[in-house]
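Proteins get letters first, then strands, A, B, ... in listed order; numbering begins at 1 in each.
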Amino acid sequence: MRYSQAFIHTLFEAPKEAETPSHIFLLRGSFVYPLAAGLYSLLPLGHRAVEKIKRIIREELDAIGGLEVTMPVVNPAELWKKTGRYFNIGDELIRFKDRRDRQFVLAMTHEEVVTDMAKQFVRSYRDLPVMLYQIQTKIRDEARPRAGLLRVREFQMKDAYSFHPDFEDLDGYYPRMFNAYLRIFARCGLKSTPIEADSGIMGGSGSHEFMLESENGEDHFVLCPACGYSANTEKAVGVKPGRPPCGEKAGEAPALEKVSTPGVKTIAGLMRFFEASEEHFLKAVAYVADGQLVLAVVRGDFSVSVTKLAAHLKAVQLDYAVEKTLLETGLNAGFLSPVGISGVRIVFDTSITGLELYIAGANEPDMHLKNVLPGRDFELKERADIAEVREGDRCSACGQADLQIKRGIELGHTFKLGIKYTAGDSMDVTYLNGAGEPNTVVMGCYGIGVERLLASVIERCHDAAGMQFPVAIAPYHIIISQLGNQPEVVAMAERLYAQLGSSREVLYDDRSESPGVKLKDADLIGIPVRLVVSRKLEKSGDVEIKIRQTGEVRICPERDLEATLEAIFKELEISIQNLPYMDERA
RNA sequence: CGGGGCGUAGCGCAGCCUGGUAGCGCACCUGCCUUGGGAGCAGGGGGCCGUAGGUUCAAAUCCUAUCGCCCCGACCA
């Protein structure tokens with residue numbers, strides 16, 4: 001492709017809205033063009049890179065028996081009502097009516113549609129297992145799109161769904177998908193960290209998110225440097241350290257004491273007032289879980305994990321309680337306390353024990369309670385792990401090291417769905433087993449955001465000058481930068497373009513721009529191999545080869561060029577195939 | 001949805017406080033010249049100052065409303 005015809009319009013300066021590297025370079029490099037918040041067109045370069053990612057995904061999924069399909073984005077609402085998601089999902093799901101006033105949704109994922117297909121066609125155990133996948137547009141009215149392609153409202157997702165005769169078969173299949181995911185990300189040049197993810201109300205027996213460690217990610221996960229335990233902070237369990245002795249012995253506990261704390265509003269203020277550190281306080285937070293008021297209580301040095309609390313309560317909808325709700329129940333926002341209230345479900349975190357004294361709110365303005373003893377001053381009935389794990393908490397898996405908290409981008413998610421969508425009270429999908437008895441089909445589902453994967457590669461592979469694509473997903477393999485427009489230079493560049501074009505994807509920069517412009521553009525768009533043709537080189541019959549990733553420069557006689565390039569590409573491609581985590585294939 | 005910031009040429013910005021003929025750099029077009037890291041000279045085109053009201057003789061500038069975009073948070077199958 002000739003650069004002058006390639007619809008590439010790079011930007012000298014980064015548009016001001018862009019802050020993360022992938023966002024900046026995607027815009028500057030003419031890969032994407034923004035249409036509205038979280039909506040992007042893919043320009044020719046971006047489109048080519050995305051198509052290459054899709055090809056890798058197809059190869060890996062086909063290799064584990066996947067069958068590609070395409071399902072509609074417009075779905076009848078009826079189907080989504082059957083699984084309950086029409087009601088359970090908030091504004092993120094776009095709902096609308098057609099001209100006949102029939103209700104529809106724009107699919108944000110395709111469990112309903114694919115399960116409907118399975119219901120129609122899976123009759124016998126002979127039809128199982130089967131894995132269907134598609135690479136299709138997903139629409140989600142995200143509350144806050146951000147960072148270019150990292151979080152958008154319309155994107156292409158590879159979503160795969162597997163159907164199994166029983167949980168055992170799903171458990172057997174799941175590692176194959178797990179490893180296909182590792183291979184897909186590795187082939188894109190990324191080392192992904194699989195972490196345990198929340199399964200919450202979804203039930204099922206397991207879920208993994210594949211994270212790319214990145215400061216610009218929006219997810220947090222913990223990692224144990226000793227045993228490798230890793231999990232989303234929403235789910236991760238750490239050892240909660242006991243608190244240092246506070247001078248009082250529980251056995252001879254002093255009586256509950258009400259203390260006036262006029263004007264003391266903040267935790268910091270209370271700590272000064274009582275001359276006590278955070279862990280001596282009870283922190284109570286009020287939520288409304290599916291319409292029911294719930295008080296969550298954690299030790300003062302922890303915070304409530306909304307995900308863990310929702311999972312514990314099996315709640316579909318969990319929101320902070322508004323002050324009005326609290327007043328109606330006789331509770332006082334800001335001075336919430338488990339002491340002396342009734343008729344409200346209270347969940348205590350496991351950090352709270354009946355052996356320590358605490359300071360708590362008094363449920364009335366400007367009053368706190370001292371010497372609060374769980375078990376004596378309130379019933380310590382419902383205890384669960386509802387606190388968010390913290391950096392430095394001891395690993396609960398091995399007990400050997402302190403957990404680290406990392407930021408990451410979620411590249412993909414695999415999920416043992418179980419029978420959430422196939423159960424009798426959902427879409428009721430059954431097959432006949434060998435004995436002629438009806439059994440419920442068991443499902444798994446697996447997703448990868450394609451454009452996010454592209455952005456993630458750039459987050460990881462770039463320098464100050466621009467992107468540095470691995471060969472496998474670069475929009476072109478080679479860029480020929482013709483410097484100078486003397487006839488013999490042009491002739492040489494044209495010759496190389498014609499010659500190399502048969503075996504490689506070549507972008508030929510034929511513009512009559514100054515050398516600086518061409519070289520900067522070549523760096524910016526991250527083509528792995530750059531060939532320079534100039535008057536000086538032409539005279540000696542040489543071509544300059546520069547490898548984008550390493551910056552290595554070689555001068556090569558024209559007659560040796562093809563062989564040299566093949567050797568270079570072999571090396572570049574092998575260096576990806578040989579990454580250590582490729583050995584994790586099952 | 002809460003907090004903050006920004007809307008002036010394709011991009012980056014100045015002008016706004018203190019109202020009075022809309023500017024700069026890059027990009028774009030024409031010509032000459034130049035070709036190893038975003039060249040030079042000359043000429044040229046491009047604007048409903050986000051939108052709508054209001055104040056005023058006069059509004060990019062002051063007031064009100066509204067829309068859009070970005071960042072932080074909440075939320076996120």
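- Taking the P atoms as reference points, B:rC16 lies 9 Å from B:rC62, given to the whole Å.
- Nucleotides B:rU8 and B:rA14, compared at atom C1', are 10 Å apart to the nearest Å.
- Distance, A:M108 CE to B:rC75 C1': 12 Å, rounded to whole Å.
- Summarising the base pairing, B:rA27 is matched to no nucleotide, lacking a Watson-Crick or G-U wobble pair whose two defining distances lie under 3.5 Å.
- When heavy atoms are screened at a 4.0 angstrom cut-off, A:L537 is found touching base atoms of the nucleic acid.
- Base pairing of B:rC6 is made with B:rG68, judged by Watson-Crick or G-U wobble geometry with both donor-acceptor distances under 3.5 Å.
- A heavy atom closer than 4.0 Å to some atom of RNA chain B occurs in A:L483, A:G484, A:N485, these being the qualifying members of residues 478-492 of chain A.
- Residue pairs meeting the salt bridge (charged side-chain N to carboxylate O under 4.0 Å, His left out) criterion with at least one partner in residues 206-215 of chain A, sequence neighbours excluded, are A:E213-A:K406.
- Nucleotides B:rG15 and B:rG7 are separated by 15 Å at their C1' atoms, to the nearest Å.
- Between the C1' atoms of B:rC41 and B:rG37, the separation comes to 22 Å (whole Å).
- Comparing B:rA77, B:rG12, B:rG36 by their closest approach to the side chain of A:P15 singles out B:rG12.
- Here, B:rG20 and B:rA58 have their P atoms 14 Å apart, quoted to the whole Å.
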Report all interatomic pairs (protein N or O, nucleotide N or O of nucleotides 67-73 of chain B) with separations under 3.5 Å.
residue	atom	partner	partner atom	Å
B:rC69	OP1	A:A37	N	2.8
B:rC71	OP1	A:A147	N	3.2
B:rC72	OP2	A:R144	NH1	3.1
B:rC72	OP2	A:R144	NH2	2.8
B:rG73	N7	A:R144	NE	3.4

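- The aromatic rings of A:F415 and A:H413 sit tilted relative to each other, their planes meeting at an angle between 30° and 60°.
- Listed candidates were B:rA77, B:rG36, B:rG38. Nearest to the side chain of A:R140 is B:rA77.
- At most 12 heavy atoms of other shown residues, nucleotides or ligands fall within 6.0 angstrom of atom NZ in A:K536.
- Phosphate proximity of B:rA39 to A:S514: present, with a side-chain N or O under 4.0 Å from OP1 or OP2.
- For the side-chain hydrogen bond (donor to acceptor under 3.5 Å, both in side chains) condition, the pairs that include at least one residue of residues 442-453 of chain A, sequence neighbours left out, are A:Q156-A:E451, A:S162-A:Y446.
- B:rC69 and B:rG53 have their C1' atoms separated by 23 Å, given to the nearest Å.
- Nucleotide B:rA58 forms a pair with no other nucleotide shown, judged by Watson-Crick or G-U wobble geometry with both contacts under 3.5 Å.
- In terms of the salt bridge (charged side-chain N to carboxylate O under 4.0 Å, His left out) criterion, residue partners of A:E112 (sequence neighbours excluded) are, by chain and number, A:R85.
- Within the nucleic acid shown, A:K138 has no heavy atom closer than 4.0 Å to any nucleic acid atom.
- Between the P atoms of B:rG25 and B:rG40, the separation comes to 12 Å (whole Å).
- Distance check on atom P: B:rG47 versus B:rG10 gives 9 Å, rounded to whole Å.
- With respect to the salt-bridge test (charged N to carboxylate O, under 4.0 angstrom), the residues A:D116 and A:K82 do not qualify.
- Residues A:D510 and A:S4 have side chains that bring a donor and an acceptor to within less than 3.5 angstrom of each other.
- Checking B:rG36, B:rA77, B:rC76 against every side-chain atom of A:E142, the shortest atom distance belongs to B:rC76.
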Could you tabulate the donor-acceptor pairs under 3.5 Å formed by side-chain atoms of residues 17-25 of chain A, not counting sequence neighbours?
residue	atom	partner	partner atom	Å
A:S22	OG	A:E459	OE2	2.7
A:H23	ND1	A:G148	N	3.4
A:H23	NE2	A:Y40	OH	3.1

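- In this structure, the nucleotide among B:rG25, B:rG36, B:rG38 sitting nearest to the side chain of A:E13 is B:rG25.
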